[in-house]
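Here's the structure, in structure tokens; my notes come after.
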Amino acid sequence: MALPPNRDTPRLQSLMSKLRAAKEEITQRWPAPAREDLELIGAIIVMYSYMDFNLRRFVEILDHENLLPTRWKGKSGSIPIGDVETILESMPELTSNNVIAFQRIKQGRTLRNLLAHFAIRRFPDEDAYVFVTKYAPDFKRVLGHDPEPGMVMASVADAVQIRDLRKMLEGVMQWLETATRQIEDEHFRRKGVLK
């Protein structure tokens with residue numbers, strides 16, 4: 001599972017410093033996400049569900065049009081979603097704006113993975129989140145070793161970063177829905193199914 005790259009900004013450094021200095025058990029003592037946090041997080045996860053559905057519709061048509069790379073011909077229904085994104089962003093017929101939209105979907109997915117698979121707590125005195133996991137493969141991939149008993153892997157995000165992602169994704173999701181419908185309609189018209 002792809003996770004967001006480490007961004008070393010002054011704000012995130014400050015949040016990580018506060019996290020490291022915390023004396024209490026953050027997973028038990030720090031506040032749980034508030035209702036509006038859950039709405040924000042849930043909205044992003046649901047948006048990715050719709051986008052994944054449309055990405056798969058899009059690549060299915062490319063498969064039927066014989067436009068997929070040889071490795072994936074006839075296999076559009078089982079292509080891992082990361083490969084679907086890579087295929088679509090590298091299609092030579094796409095305009096640069098379409099490529100950028102697919103890249104944004106791919107980049108945003110890393111944060112979506114964090115939201116969907118890590119436990120989330122709020123900083124008690126900041127508009128920010130901390131994400132924690134005990135998943136050994138993520139430890140190995142990010143930190144290069146398995147977790148010791150009692151050890152957690154943590155990441156932080158400014159809440160404004162998550163809100164900004166949601167705004168960007170709303171536009172990209174609408175674009176993808178329209179683009180997918182257009183490519184399907186064009187395909188079915190050529191096949192004589194649509195007039």
Side-chain angles (χ1 to χ4, degrees), residues 1-7 9 11-12 33 35-118 120 127-129 131 155 157-195:
M1 167 178 68
L3 296 172
N6 185 23
R7 298 229 194 306
T9 66
R11 170 70 170 147
L12 294 181
R35 182 181 199 89
E36 58 271 9
D37 300 321
L38 296 174
E39 180 182 308
L40 173 64
I41 292 162
I44 292 170
I45 292 168
V46 168
M47 279 190 250
Y48 267 93
S49 297
Y50 282 109
M51 286 190 290
D52 289 357
F53 175 70
N54 284 316
L55 289 169
R56 291 196 179 283
R57 288 172 56 205
F58 201 111
V59 81
E60 176 184 60
I61 295 302
L62 295 178
D63 197 2
H64 284 273
E65 293 284 332
N66 204 28
L67 296 172
L68 288 182
T70 305
R71 172 182 179 204
W72 296 114
K73 287 182 189 214
K75 300 176 185 172
S76 59
S78 61
I79 302 173
I81 197 66
D83 290 333
V84 168
E85 292 165 340
T86 300
I87 289 166
L88 294 176
E89 75 178 329
S90 64
M91 295 301 295
E93 304 83 20
L94 292 178
T95 67
S96 59
N97 285 343
N98 292 349
V99 170
I100 290 169
F102 286 125
Q103 288 170 344
R104 286 185 175 162
I105 293 169
K106 189 174 188 174
Q107 291 163 353
R109 181 176 304 283
T110 62
L111 190 53
R112 175 261 174 218
N113 291 343
L114 198 68
L115 297 172
H117 297 285
F118 281 52
I120 304 171
D127 190 20
Y129 305 102
F131 305 90
S155 182
D158 199 334
V160 73
Q161 176 186 10
I162 312 289
R163 289 191 284 274
D164 287 348
L165 175 68
R166 179 184 183 175
K167 287 177 197 167
M168 183 271 296
L169 288 176
E170 286 170 348
V172 172
M173 184 178 73
Q174 290 172 354
W175 166 83
L176 179 60
E177 184 179 302
T178 300
T180 301
R181 187 174 44 252
Q182 288 172 344
I183 195 170
E184 277 186 339
D185 288 352
E186 185 179 318
H187 171 77
F188 291 124
R189 266 194 285 284
R190 278 196 304 276
K191 297 288 183 193
V193 179
L194 284 179
K195 302 281 183 208

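Only this structure's heavy atoms are used, side chains among them; waters, hydrogens and symmetry mates stay out. Residue numbers run from 1 in the order of the sequence given.
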For Gly108 and Leu165, the nearest pair of non-hydrogen atoms, with its separation, is CA-CD1, 4.0 Å
**Q.** Check against side-chain contact (heavy atoms from CB on, under 4.5 Å), Phe118 and Leu3
**A.** CA-CA 11 Å; Phe118 281 52; Leu3 296 172; 3.8 Å; yes
Rounded to the nearest 0.5 angstrom, the CG-CD1 distance for Leu68 and Ile79 is 5.0 Å
Discussion item. Contact between Pro69 and Ile87 at the side-chain level, heavy atoms closer than 4.5 Å - yes or no?
Written reply: yes
Distance col, row Leu176:CG vs Leu55:CG, nearest 0.5 angstrom, shows 5.0 Å
- Indicate, with yes or no, if the rings of Phe58 and Phe102 have centres closer together than 6.0 Å. yes
Value for CE (Met51) from CD1 (Ile44), rounded to nearest 0.5 Å, stands at 9.0 Å
In terms of heavy-atom contacts, Val172 and Ala101 come closest through CG1-O, 3.9 Å
Salt bridge (charged side-chain N to carboxylate O under 4.0 Å, His left out) pairs touching residues 61-82, sequence neighbours excluded, are Glu65-Arg190
So the side-chain hydrogen bond (donor to acceptor under 3.5 Å, both in side chains) pairs with at least one residue in residues 172-183 (sequence neighbours excluded) are Asn98-Trp175
When rounded to the nearest 0.5 Å, the distance separating CZ of Arg104 from CE of Met168 is 6.5 Å
| request: Using a strict 4.0 Å threshold on nitrogen-to-oxygen distance, state whether Glu39 and Arg35 make a salt bridge. | output: no
Please check: side-chain N/O of Thr110 versus main-chain N/O of Lys106, any donor-acceptor pairing under 3.5 Å? no
The salt bridge (charged side-chain N to carboxylate O under 4.0 Å, His left out) partners of Arg57 (sequence neighbours excluded) come to Glu184
- prompt: Stepwise, does the side-chain contact (heavy atoms from CB on, under 4.5 Å) test hold for Tyr129 with Leu40?
  reply: CA-CA 12 Å; Tyr129 305 102; Leu40 173 64; 3.9 Å; yes
One should read off an interatomic distance between Leu111 CG and Asp164 CG, to the nearest 0.5 angstrom, of 11.0 Å
Sequence neighbours excluded, the answer for side-chain contact (heavy atoms from CB on, under 4.5 Å) partners of Arg56 is Ile81, Val84
For residues 44-53, the side-chain hydrogen bond (donor to acceptor under 3.5 Å, both in side chains) pairs (sequence neighbours left out) are Asp52-Arg109
Closest non-hydrogen contact found for Ile120 with Leu115 is CD1-O, 3.7 Å
Smallest heavy-atom separation, Ala157 atom then Ile162 atom, equals CB-CD1, 4.1 Å
One should read off an interatomic distance between Gln107 CD and Ile100 CD1, to the nearest 0.5 angstrom, of 10.0 Å
Across all chains, not counting sequence neighbours, the salt bridge (charged side-chain N to carboxylate O under 4.0 Å, His left out) partners of Asp127 are Arg122, Arg163
